[in-house]
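See below for the structure under consideration.
Below, chain A is the first sequence line, B the second, and so on; all start at residue 1.
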Protein chains: 2
Amino acid sequence: MVMTMPTDEELAALGEVFDLFTRRYKLAEALGPEKPLNELDKQVLSYVARYPGCGPTDSARFLNVANTTISSATDRLVKRGLIERRRPEADRRAVALYLTAEGQDKVDRLLAMYGELHRRMLDPLSVAERRQLIGMMQKIIYHDP
Amino acid sequence: MVMTMPTDEELAALGEVFDLFTRRYKLAEALGPEKPLNELDKQVLSYVARYPGCGPTDSARFLNVANTTISSATDRLVKRGLIERRRPEADRRAVALYLTAEGQDKVDRLLAMYGELHRRMLDPLSVAERRQLIGMMQKIIYHDP
DNA sequence: GAAGATACACCGAACTTCGTACTATTCAAG
DNA sequence: CTTGAATAGTACGAAGTTCGGTGTATCTTC
């Protein structure tokens with residue numbers, strides 16, 4: 001009998017890496033000099049960075065939270081000057097969200113920080129392994145059902 | 001010049017996988033019939049599962065939150081009947097945390113759910129790739145500085 | 001042009017986190 | 001011993017977060 005399925009212990013390794021990185025992300029942010037953003041707020045910020053002009057409802061669906069919750073998050077981000085609300089002429093009920101210059105800056109810094117963490121995560125791997133790992137990650141992402 | 005370092009785009013793949021799984025975890029829990037636990041509460045629960053008899057302060061250090069926050073989380077978990085506090089004779093200031101039978105059950109169900117998610121995550125990979133990926137994850141974990 | 005659908009925002013209740021202050025116990029000298 | 005400092009944890013209250021119900025403005029459709 002050929003061993004085709006991963007054992008539970010092997011699968012657990014994925015969970016551990018995931019946990020490890022959850023804690024590291026959090027720690028890295030706590031260490032930074034700036035007052036750290038809310039978890040949700042960060043996610044909204046990245047969503048807007050990826051989809052400029054999106055509406056609050058889009059990000060609510062994507063992040064799986066109530067619309068009113070996104071409304072609050074948007075308020076906070078606007079108050080901090082990271083994003084702005086615009087009224088599109090096409091549909092004046094809607095709101096279109098955009099990063100401000102400061103918001104773009106914040107996103108850049110966040111991405112740099114994550115990049116650094118990921119780089120360190122890859123430290124114990126050889127160059128060939130790194131390339132393999134990245135390749136598998138891309139397969140996993142693009143397979144997204 | 002040999003390409004030894006991953007590019008930013010390659011590194012971003014790690015972040016995307018991470019995000020993808022954050023959302024999936026959340027979604028999977030929201031779908032379950034049971035009232036989902038708080039993020040922190042789940043982490044405390046797993047910590048106690050891994051280190052039975054640990055004190056609240058241990059998990060506070062590990063999870064990087066204030067002691068009082070762990071105290072609240074512990075209250076909630078005790079109230080739901082998932083863990084119990086005991087006074088060790090050795091040091092009667094201390095509290096030792098243990099899973100109840102129901103708590104163990106909850107942990108088992110959570111792990112089963114995560115295992116299933118991880119299994120699906122590995123779907124698009126070949127058997128050889130899976131084994132490689134797991135091996136790299138283990139390297140990353142054991143390298144933990 | 002009226003009825004219904006859609007996109008949001010406001011409000012208030014319930015919950016979470018955490019700093020301050022407090023209790024109980026142990027440790028360390030003297 | 002016993003007294004003073006250190007340690008483990010909890011009670012309480014302030015500030016912040018999430019979300020359901022409700023309200024307003026704007027399309028859409030017939």
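Residues that satisfy the salt bridge (Lys or Arg N to Asp or Glu O under 4.0 Å) test with A:R85, not counting sequence neighbours, are A:D75. In this structure, A:R50 has no salt bridge (Lys or Arg N to Asp or Glu O under 4.0 Å) partners at least two apart in sequence or on a different chain. Considering only residues two or more places apart in sequence or on other chains, A:R61 meets the salt bridge (Lys or Arg N to Asp or Glu O under 4.0 Å) condition with A:D58. Remark: B:E39 pairs with B:K42 by the salt bridge (Lys or Arg N to Asp or Glu O under 4.0 Å) rule, at least two apart or across chains. With sequence neighbours left out, A:P88 forms a side-chain contact (heavy atoms from CB on, under 4.5 Å) with A:A94, A:A96. B:Y98 is linked by a ring-ring contact (aromatic ring centres under 6.0 Å, His included) to nothing, counting only residues two or more places apart in sequence or in another chain.
An angle of 20°, rounded to 10°, separates the two end axes of the helix from C:dG1-D:dC30 to C:dG30-D:dC1, each defined over five pairs.
When the C1' atom of D:dT10 is taken as reference, atom CZ of B:R85 falls 8 Å away, rounded to whole Å. If you take CG of A:N67 and P of D:dG20, they are 10 Å apart, rounded to a whole angstrom.
Heavy-atom distances under 4.0 Å link DNA chain C to no residue of residues 51-61 of chain B.
For the pair B:D123/B:R120, a side-chain contact is recorded, criterion being any heavy-atom separation below 4.5 Å from C-beta on. When side chains are defined from C-beta on, A:L99 does not count as touching A:P52, because their heavy atoms never get closer than 4.5 Å. Side-chain contact check for A:M121 versus A:V17: some heavy-atom pair is nearer than 4.5 Å. Proximity of A:T22 to B:Q43: side-chain heavy atoms (C-beta onward) are separated by under 4.5 Å at one or more points. Using a 4.5 Å cut-off on side-chain heavy atoms (C-beta onward), A:I70 and A:N67 make no contact. Contact of the A:R80 side chain with the A:L37 side chain is registered, since non-hydrogen atoms from C-beta on lie closer than 4.5 Å.
Residues A:I134 and A:Y142 share a hydrophobic cluster, clusters being chains of Ile/Leu/Val/Met/Phe/Trp/Tyr side chains in contact below 4.5 Å.
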Base, backbone or nothing for each nucleotide of nucleotides 11-19 of chain D, written B, S, -, heavy atoms under 4.0 angstrom, 5' to 3'? B-----SBB
Just by protein heavy atoms under 4.0 Å, how would nucleotides 25-30 of chain D read 5' to 3' in B, S and -? BBS---
Under the criterion side chain to side chain contact (heavy atoms under 4.5 Å, CB included), I'd like the reasoning laid out for A:L122 against B:L14: C-alpha separation, chi angles, the key distance, then a yes or no. CA-CA 10 Å; A:L122 296 179; B:L14 299 186; 4.0 Å; yes
Side-chain donor-acceptor contacts of residues 104-118 of chain A below 3.5 Å, not counting sequence neighbours, with atom names and distances?
residue, atom, partner, partner atom, Å
A:Q104, NE2, A:D108, OD1, 3.0
A:D105, OD2, A:R109, NH1, 2.8
A:K106, NZ, A:E34, OE1, 3.1
A:R109, NE, A:E34, OE2, 2.8
A:R109, NH2, A:E34, OE1, 3.1
A:Y114, OH, A:E29, OE2, 2.9
A:H118, ND1, A:Y114, O, 3.2
A:H118, ND1, B:L11, O, 3.4
A:H118, NE2, A:Y25, OH, 2.7

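Heavy-atom contacts of chain A under 4.0 Å fall on DNA chain C between two terminal nucleotides, which in 5' to 3' order are C:dT6 to C:dC10.
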